[in-house]
Amino acid sequence: MEAIVQYLLTGLSAGSVYGLIALGFYVMWSAAKAVNFTYGDVFMLGGVGTVVLMELGLPLPVAAATAIAGAAVVGAIVERVFVRPFNREANSIGWMLTTIAVGIMIESSTTATYGPLGRPLPTPLVEHPIRIGGSGIYPQELLLPVAAIAATFALEFFYKRTVLGRAMRAVSFNRVAAGLVGIDADRITLLAFAIAGGLGAFAGFLVAPVVQASASMGVIVGLKGFMVAIIAGIANARGVVIVGILYGVAEKLIEGFLSTAARDAIGFTLMILLLLLFPQGLFGRAEVRKV
């Protein structure tokens, strides 16, 4: 029973990271029907950037805020330079290929300057674990699901209760109609990618004290976050967080009762089967088009 509790707790924290990453994909897709495949590297910048800035002498809150703001700028640049020119063409996948290439360049340049090894991000929340049912978990890990849930409700409030959020919903629903009523769809899309970049970096900052910040920390996490978003139905904020948490728990149970090697093989197989059974996603809706 203690082992099961431990797997559930660690799975909850890991799944919350996937959920936060999937939320970023949700924000981007809602505005542009396109995503940033450098997103795993934007996630990495949150952790690595905070560590580097702290090594330069900045206090933790300032270093984290600066790294997150920098990642938001990177997200906006990627949209403006590498997504927008290709996304204007119908059925173009140029944005997909270019963002993958940019992600590889970001990771390679970070490895060359930062180094291939991970570095710790010291915080008071990883000094002493909390005991729950005989199992131990750091407060930093418990902070991850709290952050995922808070981010979900914050996004829902933003979309429903603010003028800017409603403008983003309008662009998501019909880009042309939004333009006809005076909404600058390009600026809204740029903002969406910036928000997603900041959200991804925030997740990277939160998880860095647990796993150590490294240049490669976002590669697999970004892929799994995108997979979670697709399986959930990428247009549903609550759905992507729920699926992310469930996937994280499933991973840890597979890892604990079988092996680490079987974790990804079985996890990805389950996701493929779910996608075959629910092509629109577990929380998605089929799009109806009138001709």
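Residues Leu282 and Ile231 have side chains in contact (heavy-atom distance under 4.5 Å, counting atoms from C-beta outward). In this structure, Tyr159 and Val27 have side chains that are in contact, with non-hydrogen atoms separated by less than 4.5 Å. Proximity of Leu121 to Gln212: side-chain heavy atoms (C-beta onward) are nowhere separated by under 4.5 Å. In this structure the side chain of Asn236 never reaches within 4.5 angstrom of the side chain of Tyr26, judged on heavy atoms. Taking the side chain as every heavy atom from C-beta outward, Val146 and Leu142 never approach each other to under 4.5 Å. Residues Ile130 and Pro139 form a side-chain contact, since some pair of their non-hydrogen atoms from C-beta on lies under 4.5 Å apart. Looking only at side-chain heavy atoms (C-beta outward), Asp41 and Met44 come within less than 4.5 Å of each other.
Under the 3.5 Å distance criterion, the side-chain polar atoms of Gln140 are matched with a main-chain donor or acceptor of Leu206.
Within 6.0 Å of CZ in Arg119 there are more than 12 heavy atoms belonging to other residues, nucleotides or ligands.
Legend: residues meeting side-chain hydrogen bond (donor to acceptor under 3.5 Å, both in side chains) with Asn36, ordered by chain and number and at least two apart, are Thr38. Qualifying salt bridge (Lys or Arg N to Asp or Glu O under 4.0 Å) partners for Arg169, counting only residues two or more places apart in sequence or in other chains: none. Residues satisfying the side-chain hydrogen bond (donor to acceptor under 3.5 Å, both in side chains) test with Glu156, not counting sequence neighbours, are Arg238. With sequence neighbours excluded, no residue satisfies ring-ring contact (aromatic ring centres under 6.0 Å, His included) with Phe158. Take Phe25 and apply the ring-ring contact (aromatic ring centres under 6.0 Å, His included) test, not counting sequence neighbours, and it matches Tyr39, Phe226. For Arg187, the side-chain hydrogen bond (donor to acceptor under 3.5 Å, both in side chains) partners at least two apart in sequence or on another chain are Asp184. Residues satisfying the side-chain hydrogen bond (donor to acceptor under 3.5 Å, both in side chains) criterion with Tyr18, sequence neighbours excluded, are Glu251. By the salt bridge (Lys or Arg N to Asp or Glu O under 4.0 Å) test, Glu141 is found to be paired with no residue, residues two or more places apart in sequence or in another chain being considered.
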Let me have the donor-acceptor pairs involving side chains of residues 261-273, under 3.5 Å, with sequence neighbours excluded, atom names and distances please.
from, atom 1, to, atom 2, distance (Å)
Arg263, NH1, Glu255, OE1, 3.0
Asp264, OD1, Lys224, NZ, 2.8
Thr269, OG1, Ala265, O, 2.7

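Annotation: ring pair (Phe, Tyr, Trp, His ring centres under 6.0 Å) contacts involving residues 102-147, sequence neighbours excluded, are absent. Contacts classified as side chain to side chain donor-acceptor pair (under 3.5 Å) and involving residues 61-75 (residues at least two apart or in different chains) are not found. The ring pair (Phe, Tyr, Trp, His ring centres under 6.0 Å) analysis of residues 174-200, with sequence neighbours excluded, yields no pairs.
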**Prompt:** Are Arg84 and Leu190 close enough, and set up right, to give a side-chain contact (heavy atoms from CB on, under 4.5 Å), and what steps lead you there?
**Reply:** CA-CA 9 Å; Arg84 189 183 302 180; Leu190 186 74; 3.9 Å; yes
